[in-house]
Amino acid sequence: MNPAPTAAAPASRPGGQRMAALKQRLQRGAHAASDPVVARLFRLGVRADQLTVLGLLLSGLAGWAYFDGHFRLGALFLALSGICDILDGQLARRAGVVSRFGAFLDSTLDRLGEGLVLVGIIGFYLRNLVALVFQQSRVLVQMSVGLEPVTWAVVALTAALALVGSFLVSYTRARAEGLGIECRVGWFERPERMALLIVAGLLRVFWAMSAALLLLAVLSFVTAAQRVAHVHRHTRGAGMDH
């Protein structure tokens, strides 16, 4: 399988190329800013895998905080988890211990951490929906400000779709690369998804998280579709499949 067409694909789409260039600039800036921290961690003997596991634990705490309604605390834990995600790769490269298992572990725990966060958010909305059954006085209070009980169910469903979409984005890339096709295309990857949930959590208003989940769901499915189209172009579109 010839990977050359895949490598050239982003250049054929100016919008995608600009987005990729912007992401690269942001990544370089983040890495430059975190280099002193990485150097300090290296001197202390901290291992990249330890940061990866710490990032998962922080994601789990973020999921619990979101579930319990502490959205700003959840956003803080999620931001700290994101910092660990930036640092672990840099630390592995600095220590010269970059490995295939380390990359596998990092990706796997990233997926698990993201799932825990979104499950926590789903649980928050379902928890409030169930509370209306046992505290019916709350129904009238919420309806008086325009919040229908079904809204909690709709937002929980949106969060579930966001979870499916985020996993689909990761799966399409992994499956494509398993076929030997580089697949870094798409607008909306894990850093963007996490940033959206962090901002929505910090705002701590109902519409912000609802809008963030809707955007996350829609853009995740769009990104997955971009990757499906990318693989199609470099297989059937290139005459590689019959």
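One side chain, Arg111 or Ser170, offers a donor N or O that lies under 3.5 Å from an acceptor on the other. Under the 3.5 Å distance criterion, with hydrogens and angles disregarded, a donor-acceptor pair is assigned to the side chains of Ser59 and Ser81.
A perpendicular orientation is assigned to the rings of Phe206 and Trp152, their planes being inclined by more than 60° (bins at 30° and 60°).
With a 4.5 Å cut-off on side-chain heavy atoms, Val231 and Arg175 do not count as touching. With a 4.5 Å cut-off on side-chain heavy atoms, Ser166 and Leu118 count as touching. Inter-residue side-chain proximity for Phe71 and Leu203 is flagged as unmet; no heavy-atom pair is nearer than 4.5 Å. Side-chain atoms of Met209 and Phe124, non-hydrogen and from C-beta on, never get closer than 4.5 Å to each other.
In plain terms, the two heavy atoms of Ala159 and Ile122 that are nearest each other are CB-CG1, 3.4 Å. Between Arg227 and Val185, the closest heavy-atom pair is NE-O, 2.7 Å. Shortest non-hydrogen contact noted between Ala75 and Ile198 is CB-O, 3.5 Å. For the pair Thr223 and Gly186, the tightest heavy-atom approach, listed with the atom from each and the gap, is CG2-CA, 3.7 Å. Nearest heavy atoms, Ser210 versus Val155: OG-CG2, 3.7 Å. Taking every heavy atom of both residues into account, Cys183 and Thr172 meet most closely at SG-O, 4.4 Å.
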Audit row: Tyr66, Phe77, ring pair (Phe, Tyr, Trp, His ring centres under 6.0 Å) steps and yes/no: CA-CA 10 Å; Tyr66 280 126; Phe77 282 133; 9.7 Å; no
Is there a side chain to side chain contact (heavy atoms under 4.5 Å, CB included) between Glu148 and Val154? Walk through the geometry before answering. CA-CA 10 Å; Glu148 298 286 340; Val154 170; over 6 Å; no
Could you list the donor-acceptor pairs under 3.5 angstrom formed between side-chain atoms of residues 45-55 and any protein atom two or more places apart in sequence or on another chain?
residue, atom, partner, partner atom, Å
Gln50, OE1, Arg47, N, 2.9
Thr52, OG1, Ala48, O, 3.1
Thr52, OG1, Asp88, OD2, 2.9

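When the options Leu116, Leu216, Leu213 are evaluated for a side chain to side chain contact (heavy atoms under 4.5 Å, CB included) with Ile121, the one that passes is Leu213.
Panel note: side chain Gln90, backbone Leu87; no donor-acceptor pair is recorded below 3.5 Å.
Look at Asp35 and Arg94 and you find no salt bridge, because none of the NZ, NE, NH1 or NH2 atoms lies under 4.0 Å from a carboxylate O. Taking a cutoff of 4.0 Å between a charged side-chain nitrogen and a carboxylate oxygen, Arg173 and Glu177 qualify as a salt bridge.
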